[in-house]
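Below, chain A is the first sequence line, B the second, and so on; all start at residue 1.
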There are 2 protein chains.
Amino acid sequence: MTTSTEENYLKAIYHLSTGNQNSVLTSAIAGSLSTSAASVTDMIKKLSEKNMVEYERYHGVRITRKGEKVALSIIRRHRLWEVFLMDKLKFKWDEVHDLAEELEHVSSDELTKRLDAFLGFPKFDPHGDPIPDTNGKVHSNGQELLSEITKKGKYILSGVNDHSPSFLQYLEKKGLIPGSTFTIVEMDEFDNSMQIIFSNKKSIFISKEVSKNLLVRSHE
Amino acid sequence: MTTSTEENYLKAIYHLSTGNQNSVLTSAIAGSLSTSAASVTDMIKKLSEKNMVEYERYHGVRITRKGEKVALSIIRRHRLWEVFLMDKLKFKWDEVHDLAEELEHVSSDELTKRLDAFLGFPKFDPHGDPIPDTNGKVHSNGQELLSEITKKGKYILSGVNDHSPSFLQYLEKKGLIPGSTFTIVEMDEFDNSMQIIFSNKKSIFISKEVSKNLLVRSHE
DNA sequence: AAAATAATTTAGACTTGTCTAAAAATTTTA
DNA sequence: TAAAATTTTTAGACAAGTCTAAATTATTTT
Ligand SMILES: [Mn+2]
Ligand SMILES: [Mn+2]
Ligand SMILES: [Mn+2]
Ligand SMILES: [Mn+2]
């Protein structure tokens, strides 16, 4: 039994956990959920009581396997609903996130299972993020931050890290959507900007600000 | 801005209102929502404050046009989701109601609109209940309670009034689903039971208990 | 038309989730 | 390493929604 508020906290803690194995700080959770540090402390105690996180006063939390399973099940639902909204209801990729934030809390594993089948067992959501499987396993797929790439060559855009509508609309205008292929032709050492070129010969510049929010895989 | 709790109260009041133009009593709402009379009084005051109902102390409430519009919009969503769950996700008709109770509170008119289009603008839900249109108009369709029918003859089952899984499973076992056609061949004056016969010659008895929860239209 | 019964409202309390302001602990700075 | 700055926790309060028990009001019975 988790409330949707608890689910949102667990999701935030899970996302802040991935990538670094340090504790997640109260202030980071507060920032991520746009809430006060005091509220976070209260909720952390509750989640700790339920063995969803390990809490050490003044030193943040670590999510437990139990908490992670809940988080991954919500993330699975979120991403499946995003696929539904985009593939079936024809929403644009910058419109699906907010609706999925509501739909993900409808609590039925049977619903999730049937939705998955109806959508044809998709592996990625409209933003290129992998959909955790029923057991909560995430098939991460050798994707790297474009900003970390050091070799020129052909890449395919596999996902984004910033899901805000304004960023997604910016990308779409530039021709950058998941699945887009391009070649890095120039990398600037000073400002970490790069020039890429699409198969249709169109060429654009990408700033560090943007490239650190783009996930790519090497192509061919 | 209505909370999902307010929405549930408005739905209950709306349903208790249709059919009789008397005020809806506190105890009726409490019974319908399985809550205490004291809680109902509290919420009624809040809805009255918001001009969703007209409240006269000790004499129940009447839903306003404003409150009715909210109720109908939730009922519209509820029934559309039921169609989705049955037609697309292949749930059975006795499984869709509880899930729809959750999905109906996802607040987006755009979502409702697109879901409607995706489903092919259905006019009735899996239980034969009419789906209110965007303007909150219900196209009620000359259906009568089977228990009120006095003429023998051919009828088509158009809906049910009891949505409980146990009742729906009972009906299905007997061959009674929306769209089923049958002929009333016998009506008993004493216990108000009737005998009906299907096109495949199978014949069954129906008690008053059951017939007062079945909606039918005359056929041919 | 009282008295008895039933329905409704009020009073007061509890839970969940939130906040601000003050206190305590940690980290940074000098 | 002691003072200053920052972060975190605690204390106390509030809103929404709920409950039980007591007080009101309405209805039914006699
Ligand atoms: Mn999303
Ligand atoms: Mn996504
Ligand atoms: Mn229903
Ligand atoms: Mn229905």
dist Ser23(A):OG -> Glu56(A):CD (nearest 0.5 Å) comes out at 7.0 Å

### Task
Mind running side chain to side chain donor-acceptor pair (under 3.5 Å) on His78(A) and Asp125(A) for me, showing each step along the way?
CA-CA 9 Å; His78(A) 180 103; Asp125(A) 85 1; 5.7 Å; no

Its contact letters, B for base, S for sugar-phosphate only and - for none at protein heavy atoms under 4.0 Å, make nucleotides 5-12 of chain D read ---BBB--

### Task
Indicate whether OP1 or OP2 belonging to dC19(C) is found under 4.0 Å from a side-chain N or O atom of Thr35(A).
yes

query: Hey, what's the ring geometry for Trp81(A) with Trp81(B), parallel, tilted or perpendicular (30° and 60° as the breaks)?
result: perpendicular

Quiz prompt | Sugar-phosphate, base or nothing in reach of Thr5(A), heavy atoms under 4.0 Å | solution = sugar-phosphate

Separation of dA7(C) atom P from Ile29(B) atom CD1, nearest Å, is 15 Å

Presence of Tyr9(A) side-chain N/O under 4.0 Å of dT18(C) phosphate oxygens OP1/OP2
yes

Tell me which donor-acceptor pairs under 3.5 Å the side chains of residues 38-45 of chain B have, and how far apart each pair is, sequence neighbours excluded?
from     : atom 1 : to       : atom 2 : distance (Å)
Ser39(B) : OG     : Ser36(B) : OG     : 2.9
Thr41(B) : OG1    : Ala37(B) : O      : 3.1

Glu6(B) atom CD is separated from dA15(D) atom C1', nearest whole Å, by 12 Å

When all nucleic acid strands are considered with a 4.0 Å heavy-atom cut-off, which category describes Ser39(A): base, sugar-phosphate, or nothing?
base

Close side-chain approach of Lys137(A) to Leu72(A), heavy-atom, < 4.5 Å: no

Quiz item: Charged N to carboxylate O under 4.0 angstrom, Lys90(B) versus Glu95(B)?
Solution: no

Leu33(A) CG to dC19(C) C1', in whole Å, measures 15 Å

